[in-house]
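Chain A is the first sequence line, chain B the second, and so forth, proteins listed ahead of strands; every chain is numbered from 1.
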Amino acid sequence: MRILQLHSNFIVYKPVRKEIDSAEDSERVERRFEDIVVLFTCVEEGDDERVAVKAVDEVREHLERLKVNRILIYPYAHLSSNLAGPSEALRVMRRMEEYAREAGLEVYRAPFGWCKEFSISVKGHPLAEQLRIIVPEEGREEVVSEALKAEEKIKSHWFILSPGGELTPIDRFNFAGYGKLEKFARYEMSKVRAAKQMPAHVTLMKRLEIADHEPASDLGNFKWYPKGRLIKALIEEFVSQKVIEYGAMEVETPIMYDFGHPSLSDYLHRFPARQYLLKSDDRSLFLRFSACFGQFLLIHNSQLSYKHLPIRVYELTKYSFRKEKSGELAGLRRLRAFTMPDCHALCADMEQAKEEFLRRFKLSISVLEGLGLTKDDYELAIRFTRDFYEENRDFIHSLVDVFGKPALIEMWDERFFYFVLKWEFNFVDSIDKASALSTDQIDIENAKRYGITYVGSDGERRYPLILHCSPSGAIERDIYALLEKAYMDMGRGKPPMLPLWLSPVQVRVIPVSERFYEYAENLVEKIEGYNVRVDWDDRQLTLQKKVREAEMEWIPYIIVVGEREVESDILTVRDRSLGRPGEPGRLRRMRLEELIEELRVKVNGKPFKPLPLPKKLSRRPRFYS
RNA sequence: GCCUCGGUGGCCUAGUCGGUUAGGGCACCACCUUGGUAAGGUGGGAGUCGCGGGUUCGAAUCCCGCCCGGGGCUCCA
């Protein structure tokens with residue numbers, strides 16, 4: 001709570017109009033008070049009744065010295081950028097009023113929620129003007145990082161940068177042919193949103209038995225069914241593989257850290273995120289929101305020479321935790337606990353950093369490509385300070401050239417964050433919401449903060465530049481993007497499906513009747529031998545029903561076996577990828593070897609894991625109907 | 001956090017200006033059906049109507065608080 005306390009000759013105010021719906025009732029009449037201490041009061045987030053009491057106690061001490069007994073509590077929002085909600089604020093102020101009255105003061109209060117005009121005459125003695133800041137008793141305080149506060153005040157300039165280096169102010173860019181970029185730019189700049197519907201992927205993640213909310217946990221903490229766990233594990237493995245191929249050393253670091261650690265507490269205030277806090281004995285711990293601390297602390301103790309640079313350190317954080325505001329959570333798009341691949345690179349100087357940055361840019365494109373997301377599916381945003389752009393124009397242009405599509409540019413006049421350059425790939429979903437997948441940054445602060453140095457060729461210690469990259473973004477968010485993409489495909493008349501290598505069941509065998517069960521089971525065994533996730537439907541259902549259910553599970557290949565197959569040894573394969581709504585004729589006749597070869601080509605060396613479910617459908621439970 | 005809409009067997013839902021045993025579909029179980037590419041038939045079991053409190057002779061239904069989900073807001077004393 002903040003109170004501007006003014007000992008006044010008089011104050012005159014008049015409510016003009018209601019500013020918010022929950023404003024108190026009041027008449028629009030002028031009120032005047034003389035020889036009074038005016039308390040311009042602002043209730044901040046986290047303030048409670050105890051703060052109200054504490055504030056009044058503090059004020060009373062001064063009233064005694066001023067020899068005044070009359071106060072006016074005047075709601076005044078403009079003292080803080082971290083306001084409490086209106087109902088909370090009103091409650092706290094009413095408590096102040098009540099408590100002050102109980103304490104024998106003559107109390108007046110201006111109405112809450114009104115735009116008011118006022119004139120004031122302040123006395124000229126030394127104690128007449130004071131600012132009071134009252135913080136809640138410990139144990140309840142919320143830690144809001146400086147970066148989070150700074151982000152609210154930051155001033156941005158927006159442009160579109162096209163391949164070839166043309167920089168156009170956003171309002172002069174012609175978005176014809178760049179619908180998604182336009183949606184993304186709008187989303188970023190004005191936060192205009194329209195949707196009033198359940199996001200497609202939330203329905204799909206349940207129906208396909210991928211993941212669901214777990215009410216017994218905190219908000220935004222999910223449970224993963226076998227199929228979902230499989231998909232997630234495959235992506236985790238794929239991304240890790242790619243990052244290690246690129247040259248990173250995989251490590252593992254703790255998920256919780258001491259709040260009081262000097263490097264950490266400083267860093268916390270430079271990162272715009274809210275933390276989960278936990279008390280353990282007499283320590284205050286927080287759950288990590290990225291792998292940064294773990295890796296920096298690990299590197300801090302290493303002996304680094306310029307000959308080692310650039311070095312790359314990688315961790316797949318399972319989990320990273322961010323205590324997002326409850327209203328910001330949305331399905332797999334925004335969680336409080338998520339799996340984040342986090343890869344840092346230490347570079348000797350800006351030249352090396354830029355070279356490395358570009359490599360990682362290309363790595364990220366190729367990682368998303370592997371997941372089944374092409375450049376058509378996402379938009380590039382690049383953010384930097386004006387100075388950095390002036391000095392590195394060609395380099396930034398080269399990123400857009402590699403990307404091959406115009407990019408959204410955010411330019412800042414000064415540096416608020418710990419980085420000078422950052423890019424992300426942003427996915428725009430079925431309800432026009434945008435969210436970042438891959439990202440990388442050039443960090444010029446943290447080496448110093450964590451005492452990370454390397455020895456140069458001249459024997460001098462220097463601070464390296466640190467690059468922070470997540471080549472895929474959160475794994476959960478990748479799955480969100482894949483589901484949303486599948487849903488949007490459906491709208492364009494394409495069958496919704498996951499990439500073959502991520503499909504929990506890749507092939508389903510359906511025998512026409514019990515007479516072919518043995519044949520079917522043998523076939524399944526053969527196919528399985530080629531590292532294919534295959535199952536078979538041995539339930540007492542009609543053939544049509546079994547085909548329908550297989551289609552609803554988005555299974556890419558459905559093989560029906562009966563008399564014909566047994567005799568000819570040629571399979572009848574229903575190929576989902578050839579499907580069009582209302583259009584039959586997706587059946588293909590092929591030999592087993594041809595099918596296996598086609599599968600092999602399509603999965604193209606991606607990670608494989610066996611089916612984590614019973615192969616007989618009659619043995620398989622449903623987790624979500 | 002605030003505003004708003006919602007929460008009814010495992011899932012989707014009807015019922016909601018108070019009034020019989022809360023109705024249907026999917027799924028599950030049993031039986032019949034043994035089939036050729038998106039729902040075969042009959043029967044059965046399964047419900048703390050999100051949780052807690054209140055009003056009432058009587059509450060899924062009205063009131064209050066809380067929890068969970070979706071959407072919106074970041075305005076403002």
Side-chain angles (χ1 to χ4, degrees), chain A residues 2 15 18-24 26 40-46 73-94 109-116 142 144 151-152 191-199 202-203 206-207 209 212-220 274 323-331 431 433 495 508 510-517 537 539-553 555 558-565 572-576 579 581-582 584-588 618 621-625:
Chain A
R2 285 162 184 250
K18 281 193 180 181
E19 199 78 81
I20 54 172
D21 289 344
S22 54
E24 291 177 284
S26 173
F40 287 105
T41 304
C42 158
V43 182
E44 296 181 289
E45 209 172 322
I73 300 171
Y74 192 110
Y76 198 66
H78 317 288
L79 297 171
S80 172
S81 58
N82 182 33
L83 298 172
S87 64
E88 183 72 10
L90 181 54
R91 204 168 53 90
V92 172
M93 283 194 205
R94 284 190 167 139
R109 189 165 60 78
F112 183 92
W114 286 75
C115 170
K116 301 177 282 284
E142 193 197 5
V144 177
E151 203 176 19
E152 291 169 8
K191 315 277 182 195
V192 169
R193 269 145 280 181
K196 256 252 175 314
Q197 43 184 310
M198 195 91 144
V202 173
T203 316
K206 297 181 189 181
R207 227 204 62 215
E209 298 193 314
D212 204 350
H213 305 101
E214 176 48 72
S217 178
D218 187 30
L219 314 181
R274 291 160 205 274
K323 202 152 171 255
E324 307 288 7
K325 293 195 240 173
S326 60
E328 289 179 330
L329 300 168
I431 50 177
K433 293 203 176 205
R508 170 153 306 159
I510 302 179
V512 162
S513 76
E514 273 178 39
R515 281 166 51 215
F516 306 101
Y517 275 21
D537 198 336
R539 293 173 303 171
Q540 301 294 330
L541 299 170
T542 58
L543 174 63
Q544 290 161 64
K545 179 95 176 217
K546 291 180 184 177
V547 170
R548 175 180 146 85
E549 290 199 6
E551 291 285 7
M552 292 203 310
E553 278 183 60
I555 295 172
I558 301 166
I559 306 176
V560 173
V561 293
E563 197 67 45
R564 286 180 227 151
E565 288 70 28
T572 312
V573 179
R574 186 166 163 137
D575 183 339
R576 181 177 181 81
R586 310 180 275 178
L587 301 186
R588 299 166 60 195
S618 66
R622 295 204 176 217
F623 293 94
Y624 187 91
S625 312

[X] to [Y] - nearest heavy-atom pair and separation:
X: A:I510; Y: A:L543; answer: CG2-CD1, 3.5 Å
X: A:R109; Y: A:M93; answer: CD-O, 4.3 Å
X: A:R508; Y: A:I555; answer: CZ-CD1, 3.3 Å
X: A:C42; Y: A:Y76; answer: CB-O, 3.1 Å
X: A:Y517; Y: A:R539; answer: OH-O, 3.6 Å

Whole-Å distance between [N] [atom2] and [X] [atom1]?
X: A:D212; N: B:C11; atom1: CG; atom2: P; result: 9 Å
X: A:M93; N: B:C76; atom1: CE; atom2: P; result: 15 Å
X: A:L329; N: B:C73; atom1: CG; atom2: C1'; result: 15 Å
X: A:I510; N: B:A39; atom1: CD1; atom2: P; result: 12 Å
X: A:E324; N: B:G70; atom1: CD; atom2: P; result: 14 Å
X: A:H213; N: B:C67; atom1: NE2; atom2: C1'; result: 14 Å
X: A:K206; N: B:G10; atom1: NZ; atom2: C1'; result: 13 Å

Most 5' of A:K325 and A:Y74 on RNA chain B, judged by nearest nucleotide:
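Result: A:K325.
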Counting any heavy atom closer than 4.0 Å, what does A:V202 reach on the DNA or RNA strands: base, sugar-phosphate only, or nothing?
nothing
Just checking A:L219: base, sugar-phosphate only, or nothing, at a heavy-atom cut-off of under 4.0 Å?
sugar-phosphate
Nearest-Å distance once atom [atom1] is located in both [N] and [M]:
N: B:U55; M: B:A27; atom1: C1'; result: 39 Å
N: B:G44; M: B:G1; atom1: C1'; result: 50 Å
N: B:C62; M: B:C17; atom1: P; result: 7 Å
N: B:G18; M: B:C57; atom1: P; result: 15 Å
N: B:A14; M: B:G7; atom1: P; result: 8 Å
N: B:C26; M: B:U20; atom1: C1'; result: 29 Å
N: B:C63; M: B:U16; atom1: C1'; result: 15 Å
N: B:C3; M: B:G9; atom1: C1'; result: 33 Å

Taking only side-chain N and O atoms of A:K545, does any of them lie within less than 4.0 angstrom of OP1 or OP2 on B:A27?
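Looking at the OP1 and OP2 atoms of B:A27, one of them is under 4.0 Å from a side-chain N or O of A:K545.
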Do side-chain atoms of [X] reach the backbone of [Y] as a donor and acceptor pair under 3.5 angstrom?
X: A:E549; Y: A:K546; answer: no
X: A:E324; Y: A:L329; answer: no
X: A:R515; Y: A:E563; answer: no

With both distances under 3.5 Å as the test, what is the Watson-Crick or G-U wobble partner of [N]?
N: B:G52; result: B:C64
N: B:A30; result: B:U42
N: B:G18; result: none
N: B:C73; result: B:G1

Decide yes or no, distance alone: a donor-acceptor N/O pair under 3.5 angstrom between the base of B:A27 and the side-chain of A:R622.
no
Nearest 0.5 Å please: distance from the CD1 atom of A:I559 over to the CG atom of A:D575.
11.0 Å
Expected string for nucleotides 32-37 of chain B under the B/S/- scheme (protein heavy atoms, under 4.0 Å, primed atoms plus P, OP1, OP2 as sugar-phosphate) is -BBBBB
